[in-house]
Structures are given as C-alpha cells and as structure tokens.
Amino acid sequence: MMPLPGDWLLCHSVVGCLLLHNLVLMTLCVHCATASCSQSCYCSESPEGGQSVRCSGLRLPKVPRDLPNDTRHLYLDYNLLTTVPTDAFLGLPLLIELDLSHNELAQLEPWAFRGLAESLEFLDLSSNRLMALNPRAFEGLRARANLTQNPWHCDCNLQSAMALLEDLDPVSLTGLVCQTSEPKDAGVRGVPFLSVANADLCVTLKKTTDVAMLVTMFGWFSMVISYLVYYVRHNQEDARRHLEYLKSLPSKRSEQSSTLSTVV
Ligand SMILES: *[C@@H]1O[C@H](CO)[C@@H](O)[C@H](O)[C@H]1NC(C)=O
Ligand SMILES: *[C@@H]1O[C@H](CO)[C@@H](O)[C@H](O)[C@H]1NC(C)=O
C-alpha cells in the first residue's frame, strides 16, 4: 500500500523537524561554547590565538571570576568596579591587554595584578577615581599603564610610591596629573607629577619628623638631667649624714677610752 500523500508529507516534515532540531542543537552548542568562556562577557578569537573577552558596559560591580585561561585581551571598561582585589587575574597567564578604564576604581589591592608580570603589555586604568598609588599592586609588572584622568592626590606617599614603580614602563608615569596636593601650595596641581619631580613633597614631612625627634630628645635629656640632679642631691644628703656619723664616732670612742682609762 502506497503511503498517502498526507502521511508522506508528515514523514518529510518529521525528517525536516529532526534536521531543524539538529541545527538548533548545533547552534545552541556553539552558543554553549562561547557562553562557557564567561557567563557575562562576549568572547571571540584573538589575532594572536586565544580569546578576546569583552565585558564592556555591563554594569559589573566585580571582576568576573569565570574568565577563560587563554584570554589575551580583556575589556572591562565602562563598568562599576570599585576595587581590583588581590589575584583578580591570577588564572590568565597569556593576558596581553587589560582595559579597566571608565570604572569607579578608588583603590588597587596589593598583588592585584599578580600572575601578569610576564605577559601584560597594556594596562588601562584611565578615567577612574584613583587618588593614591599602591606600589605593591603593580609588583613586577612591566606593562605600559594609562593612568590619566584620575584625581591624583600628589603628596609624599605618591612620591615615594612612584619611586617604587621602576618595573613599569616609564611612559606610564607621565599620566599622573595632580588634582590635589599636600602641602596645598606645592605648585604641582594641574601638572604631570613627573615634570615637578624636583618639588620634594616629603620635605615638610621630614621637617615635622625632625621637630618631633628634637622634642623627644629634649624630653629624654631633661629627664636624665633631673634624675642626675636628684641623685646627686640625695647622695649629698646621704654623704652628709654619713660624714656626721663618722664625725660623731671618734668623740664617742675617745669618751669610751677616757672612761676606760678612768676605770684603769
Ligand atoms: C587552560 O586550562 C586547560 C584545562 O584546565 C589546560 O589544559 C590548559 O593548558 C590551560 N591553558 C593555559 C594557557 O594555562
Ligand atoms: C589614556 O586614556 C585616555 C582616556 O581614557 C585616552 O584619551 C588616551 O588616549 C589614553 N592614552 C594612551 C597613551 O593610550
């Protein structure tokens, strides 16, 4: 018996359905693969091999933890990051470029970029809220960092921190433009901190520590002197008493001897 045209059509459509189903599954799987790169970010092949991971403008409050270990470029710009925690990028040994610009970053924890010393070449920290620099965050990093568009507070701490960033590409430090300073009249506001490197912001601090040292030393000195004076006076009295006692002794002895002589 020949199958009815309707049956045949049904069969055909079932096959079609199966094909369609497979297709859907396949595209889903491709989606699975890209989604497994990171739940919240978009991934693509990077020209150097590995992946470019885009997480820009997603209002992320934290650095995603599920980034693929072959990430070469990571774009986290235009999010709501407030800090970069210790070891935030530890599992990404191939990372070349890291864009953290246009966030709310106010601080970088020590060892924030640990594990990137060998690979990282570009680090964008521009347009954030960084006022101070934690040199321990950059330990070992040799990248070129963009530090512009941050409200840098130029003071002795920043000056000391800059001296510790010797591994970082020196161009990076040209982006440090002072917005506020301590002392306020240091004349460094609105200019790159490097161009006024001869303005020693640690001088006033040195002065105050010098004064503190002087006061402490004077305090100690006066304590020692007063103790000496007390000691000498006390001993003088003792010595006088002793002397008096000694003076009184021979007379007693002579008295004794005289009584003895009278007895004899
Ligand atoms: C990434 O992880 C996979 C599986 O855990 C591992 O085989 C591979 O070597 C890692 N790649 C890198 C660059 O570390
Ligand atoms: C640094 O960042 C600023 C602002 O995001 C940008 O305009 C500038 O071109 C960047 N500089 C470099 C050297 O990449």
Side-chain angles (χ1 to χ4, degrees), residues 29-30 32-60 63-84 87-108 111-133 137-138 140-154 158 161-162 165 167-180 189-195:
C29 253
V30 167
C32 275
T34 49
S36 81
C37 98
S38 172
Q39 212 164 30
S40 43
C41 307
Y42 171 75
C43 301
S44 61
E45 287 260 323
S46 114
E48 302 93 348
Q51 307 192 51
S52 287
V53 182
R54 292 201 172 269
C55 321
S56 310
L58 296 174
R59 308 186 65 79
L60 298 176
V63 177
R65 284 282 171 185
D66 58 349
L67 299 164
N69 66 355
D70 60 345
T71 304
R72 296 266 185 183
H73 303 265
L74 176 56
Y75 304 97
L76 281 163
D77 48 325
Y78 293 96
N79 280 297
L80 302 174
L81 310 178
T82 54
T83 181
V84 179
D87 293 340
F89 308 101
L90 193 56
L92 312 177
L94 305 180
L95 198 63
I96 299 169
E97 182 184 9
L98 175 57
D99 188 351
L100 290 165
S101 68
H102 298 92
N103 276 282
E104 314 276 323
L105 294 178
Q107 62 162 345
L108 311 167
W111 294 109
F113 305 112
R114 178 147 55 185
L116 305 182
E118 297 302 318
S119 59
L120 197 68
E121 291 173 22
F122 306 104
L123 172 62
D124 198 342
L125 288 167
S126 66
S127 300
N128 276 289
R129 296 177 192 273
L130 295 168
M131 296 176 77
L133 208 50
F138 297 89
L141 219 57
R142 282 172 299 188
R144 184 193 308 164
N146 189 343
L147 301 172
T148 60
Q149 310 289 329
N150 279 286
W152 295 110
H153 179 68
C154 293
L158 190 65
M162 278 171 73
L165 294 176
D167 294 330
L168 221 55
D169 188 323
V171 175
S172 315
L173 300 182
T174 58
L176 271 164
V177 177
C178 310
Q179 196 166 98
T180 55
R189 287 167 66 175
V191 293
F193 201 15
L194 263 195
S195 70

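Please read these numbers as outputs of a predicted model, since none were measured by experiment. Indexing begins at 1, ligand by ligand and atom by atom, following the structure's order.
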Original post:
Which of the atoms of ligand 2 are close to T148, meaning less than 4.0 Å from one of its heavy atoms?
Top reply: 1 (C), 2 (O), 3 (C)
Subject >> Closest approach of V177 to G190 (non-hydrogen atoms, all atoms of both residues) >> reply: CG1-C, 3.7 Å
Original post:
Among protein heavy atoms, which lies nearest atom 14 (O) of ligand 2, and at what distance?
Top reply: N146 ND2, 3.4 Å
**OP:** May I ask you to check whether N69 has an N/O atom sitting below 3.5 Å from an N/O atom of ligand 1?
**Re:** yes
**OP:** Evaluate the 4.0 Å heavy atom contact test for atom 2 (O) of ligand 2: does a protein atom fall under the cut-off?
**Re:** yes
**OP:** If you have a sec, work out which protein heavy atom is nearest atom 5 (O) of ligand 2 and how many Å separate them, to one decimal?
**Re:** S126 OG, 2.8 Å
Subject >> side chain to side chain donor-acceptor pair (under 3.5 Å) partner of D77, the single match among S127, S126, S56 >> reply: S56
Original post:
What is the minimum heavy-atom distance between A143 and S172, and which atoms define it?
Top reply: O-OG, 3.8 Å
**OP:** Check whether any protein heavy atom sits under 4.0 Å from atom 9 (O) of ligand 2.
**Re:** no
Subject >> Heavy-atom pair of closest approach, residues W152 and G175 >> reply: NE1-O, 4.0 Å
Subject >> For ligand 2, the portion of S101 having any non-hydrogen atom under 4.0 Å away >> reply: neither
Original post:
Does any N or O in the side chain of S52 come within less than 3.5 Å of the main-chain N or O of H73, such that one atom is a donor and the other an acceptor?
Top reply: no
Original post:
Hey, does the side chain of D167 reach the backbone of F138 with a donor-acceptor pair shorter than 3.5 angstrom?
Top reply: no
